[in-house]
Amino acid sequence: MKQKIFSNKVWWELGNWGFLLPHFFFFVLFIIIPLISNIQISFYNWNLLGQKTFVGFQNFVRIWTDDRFWLAVKNTVIFAIVSIPLVIIVAMIIALILNQKVYFKLWLLIAFVSPTFFGSVGILTTWKWIYASYPTGLLNYYLTKFGILREAISWFETPARAWLCIIITTVWWIVGFSVLLYLGALQRIPPEQYEAAKIDGAGPWRIFWNVTLPWMRNVLFFDVVRQVLLAFGLFDQVYFFTGGGPAGSTRTMVYYLYLIGFTRQELGQAAAISWYIFAIVLIFALIQLLMLTKAIRSAEE
């Protein structure tokens with residue numbers, strides 16, 4: 001009798017965990033196996049069509065001493081430092097506005113959120129036309145029409161202009177998902193928290209810092225990690241707008257990996273670059289999370 005009860009208990013436990021088996025299978029298939037293959041490739045000199053030659057850590061050393069790679073790291077880090085806080089601030093402001101009683105709230109929400117779900121080809125082709133250097137380019141046309149510019153200019157001619165265009169496009173494109181996250185978090189905050197803060201004489205800034213921010217902690221943690229991954233994965237905008245120019249000033253880590261792996265077909269070096277990217281993203285994400293944790297803890301105190 002005891003053996004039968006034990007057997008039934010074992011089958012019940014297996015049934016509870018059985019739904020995880022398909023997930024585990026695809027995790028191994030699409031995550032673990034590619035990681036192992038990538039580690040193996042990073043120790044070889046391989047151009048896809050030729051013979052693989054074992055070179056040990058030579059690919060890692062070569063990338064470590066490559067000035068072009070570190071320029072790409074610098075460009076990516078600067079972009080992340082500028083774009084991540086900007087996206088979070090803009091999304092927070094929009095979410096706070098939409099959380100109030102405003103007219104056409106649904107249409108405003110659709111206007112801010114819908115670009116997030118559009119494909120990169122349509123989005124970036126449209127923005128490339130907006131930034132076109134000829135006089136009929138949308139931005140040049142209206143700026144010259146209103147007298148802000150005397151003549152049409154090339155928006156990707158200098159590094160400052162090129163990065164400005166990339167950052168504006170990126171913020172406009174991805175801010176909508178953060179708006180949805182923050183708006184959902186704001187609507188879960190109990191109204192009693194705000195009423196108690198107002199009774200204590202707290203102003204709008206103190207209410208935001210001491211009530212809103214701590215209640216949005218989990219959402220902010222998730223969004224910071226998401227923004228870090230998006231920032232360090234910057235590729236499409238650079239590929240469409242500048243091709244890494246002018247003079248490599250907008251070349252990012254992922255774009256450099258693309259040049260090494262797909263243009264030059266040096267797969268071993270590309271695999272080594274991917275591990276450097278992983279380490280840099282991990283360090284940057286941890287720094288961002290520590291800073292955010294410290295800010296939220298100070299707000300709770």
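Computed from heavy atoms alone, side chains included, the values below leave out hydrogens, waters and symmetry copies.
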A.B. asks: Examine distances only and state if a side-chain atom of Trp173 and a backbone atom of Ile168 form a donor-acceptor pair shorter than 3.5 Å.
C.D. replies: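 No; judged by distance alone, with no hydrogens or angles, the pair does not exist.
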A.B. asks: When you group the ILVMFWY residues by side-chain heavy-atom contacts below 4.5 Å and let the links chain together, are Val179 and Ile110 in the same group?
C.D. replies: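 No; tracing contacts between hydrophobic side chains, which count when under 4.5 Å, never links both residues.
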A.B. asks: Return yes when atom CD of Glu192 has more than 12 non-hydrogen atoms of other residues, nucleotides or ligands closer than 6.0 Å, and no otherwise.
C.D. replies: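 It does: Glu192 CD has more than 12 such atoms within range.
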A.B. asks: Do the side chains of Leu138 and Phe156 join up, straight or via other hydrophobic residues, at under 4.5 Å, putting them in one cluster?
C.D. replies: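 Result: yes, single cluster for both.
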A.B. asks: List the atom of Tyr194, the atom of Leu186, and the distance in Å for their closest heavy-atom pair.
C.D. replies: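 It is OH-CD2, 4.3 Å.
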A.B. asks: Can a donor-acceptor pair be found, under 3.5 Å and without considering hydrogens, that links the side chain of Arg251 to the backbone of Gly245?
C.D. replies: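 The answer is no, because no donor-acceptor pair under 3.5 Å joins these two groups.
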A.B. asks: Would you say the rings of Trp172 and Trp127 are close, in the sense that their centroids are separated by under 6.0 Å?
C.D. replies: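 Distance test on ring centres: under 6.0 Å, yes.
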A.B. asks: Is it the case that over 12 heavy atoms from other parts of the model lie below 6.0 angstrom from the CZ atom of Arg264?
C.D. replies: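 Enclosed: over 12 neighbouring heavy atoms sit under 6.0 Å from CZ of Arg264.
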A.B. asks: Out of the candidates Val254, Asn38, Leu35, only one should pair with Ser274 under the side chain to side chain contact (heavy atoms under 4.5 Å, CB included) rule; please name it.
C.D. replies: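 Of the listed residues Val254, Asn38, Leu35, the side chain to side chain contact (heavy atoms under 4.5 Å, CB included) partner of Ser274 is Asn38.
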A.B. asks: Counting only heavy atoms not in Phe54, do more than 12 fall under 6.0 Å of its CZ?
C.D. replies: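 Correct, the count exceeds 12.
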A.B. asks: For Ile174 and Leu230, work out which heavy atoms get closest and say how close.
C.D. replies: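 Shortest heavy-atom contact: CD1-CD1, 4.1 Å.
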A.B. asks: Please check this pair: side chain of Thr116 against backbone of Val113, looking for a donor-acceptor N/O pair closer than 3.5 Å.
C.D. replies: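 Between the backbone of Val113 and the side chain of Thr116 there is a qualifying donor-acceptor contact (under 3.5 Å).
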A.B. asks: OH/Tyr141 to CG/Leu149 distance, rounded to the nearest 0.5 angstrom?
C.D. replies: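 It comes to 14.0 Å.
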A.B. asks: If we ignore hydrogens and angles and just use 3.5 Å, is the side chain of Asn59 paired with the main-chain N or O of Ala272 as donor and acceptor?
C.D. replies: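 Not a single qualifying donor-acceptor pair exists.
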A.B. asks: For residues Phe60 and Trp64, establish whether the separation of their ring centroids is below 6.0 Å.
C.D. replies: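 Ring centres of Trp64 and Phe60 not closer than 6.0 Å.
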A.B. asks: Is the count of non-hydrogen atoms from other residues, nucleotides or ligands lying under 6.0 Å from Phe208 atom CZ greater than 12?
C.D. replies: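 Count over threshold, so yes.
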A.B. asks: Please find the pair of heavy atoms, one from Thr170 and one from Gln237, that lie closest to each other, and give the distance.
C.D. replies: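 Smallest heavy-atom distance, with atoms named: OG1-NE2, 2.9 Å.
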A.B. asks: Can you list the steps and then say if Val228 with Ile84 is a side chain to side chain contact (heavy atoms under 4.5 Å, CB included)?
C.D. replies: CA-CA 7 Å; Val228 169; Ile84 292 173; 3.8 Å; yes
A.B. asks: Are any non-hydrogen side-chain atoms of Leu213 and Leu220 less than 4.5 angstrom apart?
C.D. replies: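 Yes - at least one pair of side-chain heavy atoms lies under 4.5 Å apart.
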A.B. asks: To the nearest 0.5 angstrom, please state how far the CZ atom of Arg150 sits from the CG atom of Leu143.
C.D. replies: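 Between atom CZ of Arg150 and atom CG of Leu143 there are 14.5 Å.
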A.B. asks: Can you establish whether the number of heavy atoms outside Phe117 located under 6.0 Å from its atom CZ is more than 12?
C.D. replies: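 Counting neighbours around CZ of Phe117, more than 12 heavy atoms of other residues, nucleotides or ligands fall under 6.0 Å, so yes.
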A.B. asks: What's the shortest heavy-atom distance between Arg68 and Asp66, and which atoms?
C.D. replies: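 Between these two residues, the closest heavy atoms are N-OD1, 3.0 Å.
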A.B. asks: Hey, does Asn140 have a side-chain heavy atom less than 4.5 Å from the side chain of Tyr134?
C.D. replies: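 Contact flag for Tyr134/Asn140 side chains = no.
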A.B. asks: Determine whether Leu267 and Tyr44 make a side-chain contact, defined as any pair of heavy atoms from C-beta on separated by less than 4.5 Å.
C.D. replies: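 Of all side-chain heavy-atom pairs linking Tyr44 with Leu267, none is under 4.5 Å.
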A.B. asks: Show the numbers, then the answer: is there a side chain to side chain contact (heavy atoms under 4.5 Å, CB included) between Arg188 and Val219?
C.D. replies: CA-CA 11 Å; Arg188 289 195 298 268; Val219 172; 3.7 Å; yes
A.B. asks: Do Met253 and Tyr276 come within less than 4.5 Å of each other through their side chains, counting heavy atoms only?
C.D. replies: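 No, their side chains stay 4.5 Å or more apart.
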A.B. asks: Between Ala152 and Ser133, what is the shortest heavy-atom contact and its length?
C.D. replies: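 So the two residues come closest at CB-O, 3.5 Å.
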A.B. asks: Does any part of the side chain of Ile273, heavy atoms only, come nearer than 4.5 Å to the side chain of Tyr256, both counted from C-beta?
C.D. replies: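 Counting from C-beta outward, Tyr256 and Ile273 do come under 4.5 Å.
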A.B. asks: What orientation do Tyr258 and Tyr255 show, parallel under 30°, tilted 30 to 60°, or perpendicular over 60°?
C.D. replies: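 If you compare the ring of Tyr258 with that of Tyr255, the planes turn out tilted.
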A.B. asks: Stepwise, does the side chain to side chain contact (heavy atoms under 4.5 Å, CB included) test hold for Thr250 with Asn75?
C.D. replies: CA-CA 6 Å; Thr250 60; Asn75 293 336; 5.8 Å; no
A.B. asks: Check whether any side-chain heavy atom of Thr252 lies under 4.5 Å from a side-chain heavy atom of Phe79, and answer yes or no.
C.D. replies: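 They are not in contact (no side-chain heavy atoms under 4.5 Å apart), so the answer is no.
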A.B. asks: With the 4.5 Å side-chain cut-off for hydrophobic clustering, are Val225 and Ile277 part of the same group?
C.D. replies: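 Linked within one cluster.
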A.B. asks: Taking Leu180 as the starting point, is it possible to reach Leu106 by hopping between hydrophobic residues whose side chains are less than 4.5 Å apart?
C.D. replies: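 Leu106 does not cluster with Leu180.
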A.B. asks: If you measure only the distance, is there a donor-acceptor pair under 3.5 Å linking the side chains of Asn45 and Thr53?
C.D. replies: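 Note: Asn45 and Thr53 side chains miss the donor-acceptor criterion.
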A.B. asks: Look up atom CH2 in Trp70 and atom OG1 in Thr65, then write down how far apart they are to the nearest 0.5 Å.
C.D. replies: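 Going from CH2 on Trp70 over to OG1 on Thr65, the span is 10.5 Å.
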A.B. asks: Quick one: CD1 on Ile63 to CD on Gln58, what's the gap to the nearest 0.5 Å?
C.D. replies: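 Here the rounded value is 11.0 Å.
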A.B. asks: Below 4.5 Å, heavy atoms only, C-beta onward: do Pro190 and Trp215 meet side chain to side chain?
C.D. replies: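 Sidechains of Trp215 and Pro190: in contact.
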A.B. asks: Is the shortest heavy-atom distance from the side chain of Ser178 to the side chain of Gln227 under 4.5 Å?
C.D. replies: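 Yes, close enough: below the 4.5 Å cut-off.
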A.B. asks: Atom CG of Leu109 and atom OG of Ser114: how far apart are they, to the nearest 0.5 Å?
C.D. replies: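 The CG atom of Leu109 sits 9.0 Å away from the OG atom of Ser114.
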A.B. asks: If we check side chain to side chain donor-acceptor pair (under 3.5 Å) with Tyr182, which of these qualifies: Asn99, Asp223, Thr212?
C.D. replies: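 Going through Asn99, Asp223, Thr212 one by one, the side chain to side chain donor-acceptor pair (under 3.5 Å) with Tyr182 is satisfied by Asp223 alone.
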A.B. asks: To the nearest 0.5 Å, what is the distance between CE on Met216 and CD1 on Ile189?
C.D. replies: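 One gets 6.5 Å once the value is rounded to the nearest 0.5 Å.
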A.B. asks: Are Tyr131 and Thr169 close enough, and set up right, to give a side chain to side chain donor-acceptor pair (under 3.5 Å), and what steps lead you there?
C.D. replies: CA-CA 10 Å; Tyr131 295 135; Thr169 304; 3.2 Å; yes
A.B. asks: Any idea which heavy atoms bring Ile81 and Pro85 closest together, and the distance?
C.D. replies: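 For Ile81 versus Pro85, the nearest heavy atoms are O-CD, 3.0 Å.
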A.B. asks: Indicate if Phe118 and Phe241 have the same hydrophobic cluster label, given that clusters are the connected sets of ILVMFWY residues with side-chain heavy-atom separations under 4.5 angstrom.
C.D. replies: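 In one cluster: yes.
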